[in-house]
Amino acid sequence: MARTHQQTHDAGRHLAVAEALMRGHQAALVGRSSYIEVNGHKAQVQVAAKGAWQIEDVDKYTSATIEHIVLVDLTEGLREFYICPGDLLRRDVRERYDQFLTSKGGTRPRNPDSRHSAIYPEQVRKWRNGWSRLV
């Protein structure tokens, strides 16, 4: 039986808490959907299972204010964690999106109404295993 998107997301949240605990941090799930807490710092968790973290609406994403984002990569059996400063990640996402639009003449070629974007591991490699940001 194939796992659902929600099961993958839930597993990613649990794995992020487990990883933080294994590294000696205080950690727990927060609420029922997207957040964890590590050493008193609330962080949003995003999970990728197919090579990239998907962003449905870049405007909504980049207007968020959460201080920390934990990207969990479960692609092909990986268990990688990127602990990102929220403001810097959102700035990078916005810059890449705007550069993409500029390269396409200001409009998405296939669907002008789409606000989709993605984050790839090579774009966040500098934040891999940066659990010290949550101390």
Side-chain angles (χ1 to χ4, degrees):
M1 183 164 100
R3 66 178 179 235
T4 67
H5 173 77
Q6 187 61 47
Q7 287 171 319
T8 300
H9 177 74
D10 289 345
R13 280 182 64 211
H14 285 273
L15 285 168
V17 167
E19 182 70 13
L21 290 168
M22 293 296 292
R23 291 171 175 266
H25 302 289
Q26 297 282 329
L29 298 173
V30 175
R32 300 184 74 169
S33 61
S34 297
Y35 299 96
I36 64 172
E37 188 173 284
V38 179
N39 297 323
H41 298 278
K42 189 174 179 182
Q44 180 181 10
V45 176
Q46 292 175 245
V47 180
K50 297 180 181 177
W53 295 271
Q54 301 302 312
I55 299 169
E56 184 178 341
D57 183 334
V58 71
D59 293 327
K60 182 178 176 184
Y61 188 84
T62 58
S63 68
T65 59
I66 189 82
E67 187 176 355
H68 304 285
I69 299 172
V70 177
L71 301 176
V72 180
D73 190 354
L74 303 178
T75 303
E76 296 178 8
L78 288 175
R79 300 290 186 268
E80 293 189 347
F81 304 90
Y82 303 86
I83 295 66
C84 309
D87 288 344
L88 295 179
L89 178 62
R90 288 186 293 272
R91 184 196 69 206
D92 289 354
V93 166
R94 172 54 68 186
E95 286 175 3
R96 283 191 299 274
Y97 185 80
D98 290 347
Q99 288 170 356
F100 169 79
L101 279 185
T102 299
S103 75
K104 302 297 180 187
T107 305
R108 291 184 67 98
R110 285 188 270 171
N111 181 355
D113 295 327
S114 174
R115 307 301 295 156
H116 176 266
S117 189
I119 302 168
Y120 295 92
E122 61 271 12
Q123 297 168 332
V124 293
R125 190 87 48 217
K126 62 188 168 194
W127 295 313
R128 186 171 181 265
N129 289 328
W131 293 98
S132 63
R133 284 184 187 80
L134 299 173
V135 175

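Here the structure is a predicted model, which means the values were calculated and not measured.
Cluster partners of Val135 are absent, since no Ile, Leu, Val, Met, Phe, Trp or Tyr has side-chain heavy atoms less than 4.5 Å from it.
Partners of Gln6 under the side chain to side chain donor-acceptor pair (under 3.5 Å) rule, at least two apart in sequence or in another chain, are Asp10. In terms of the side chain to side chain donor-acceptor pair (under 3.5 Å) criterion, residue partners of Glu19 (sequence neighbours excluded) are, by chain and number, Arg23. Residues meeting the ring-ring contact (aromatic ring centres under 6.0 Å, His included) test with Tyr35, sequence neighbours left out: none. For His25, the ring-ring contact (aromatic ring centres under 6.0 Å, His included) criterion is met by no residue, not counting sequence neighbours. By the ring-ring contact (aromatic ring centres under 6.0 Å, His included) test, His116 pairs with no residue at all, sequence neighbours left out. Shown here are the side chain to side chain contact (heavy atoms under 4.5 Å, CB included) partners of Glu37, two or more places apart in sequence or in another chain: Val30. The ring-ring contact (aromatic ring centres under 6.0 Å, His included) search around Trp127 returns none, not counting sequence neighbours. Every residue two or more places apart in sequence or in another chain that forms a side chain to side chain contact (heavy atoms under 4.5 Å, CB included) with Asn111 is listed here: Asp113, Ser114. Every residue meeting the side chain to side chain contact (heavy atoms under 4.5 Å, CB included) condition with Leu74, not counting sequence neighbours, appears here in chain and number order: Thr8, Leu15, Val47, Val72, Arg79.
Contact of the Asp73 side chain with the Trp53 side chain is registered, since non-hydrogen atoms from C-beta on lie closer than 4.5 Å.
Each salt bridge (charged side-chain N to carboxylate O under 4.0 Å, His left out) pair with one or both residues in residues 97-106, not counting sequence neighbours, appears once here: Arg94-Asp98. Pairs passing the ring pair (Phe, Tyr, Trp, His ring centres under 6.0 Å) check and including a residue from residues 54-78, sequence neighbours excluded, read His41-His68.
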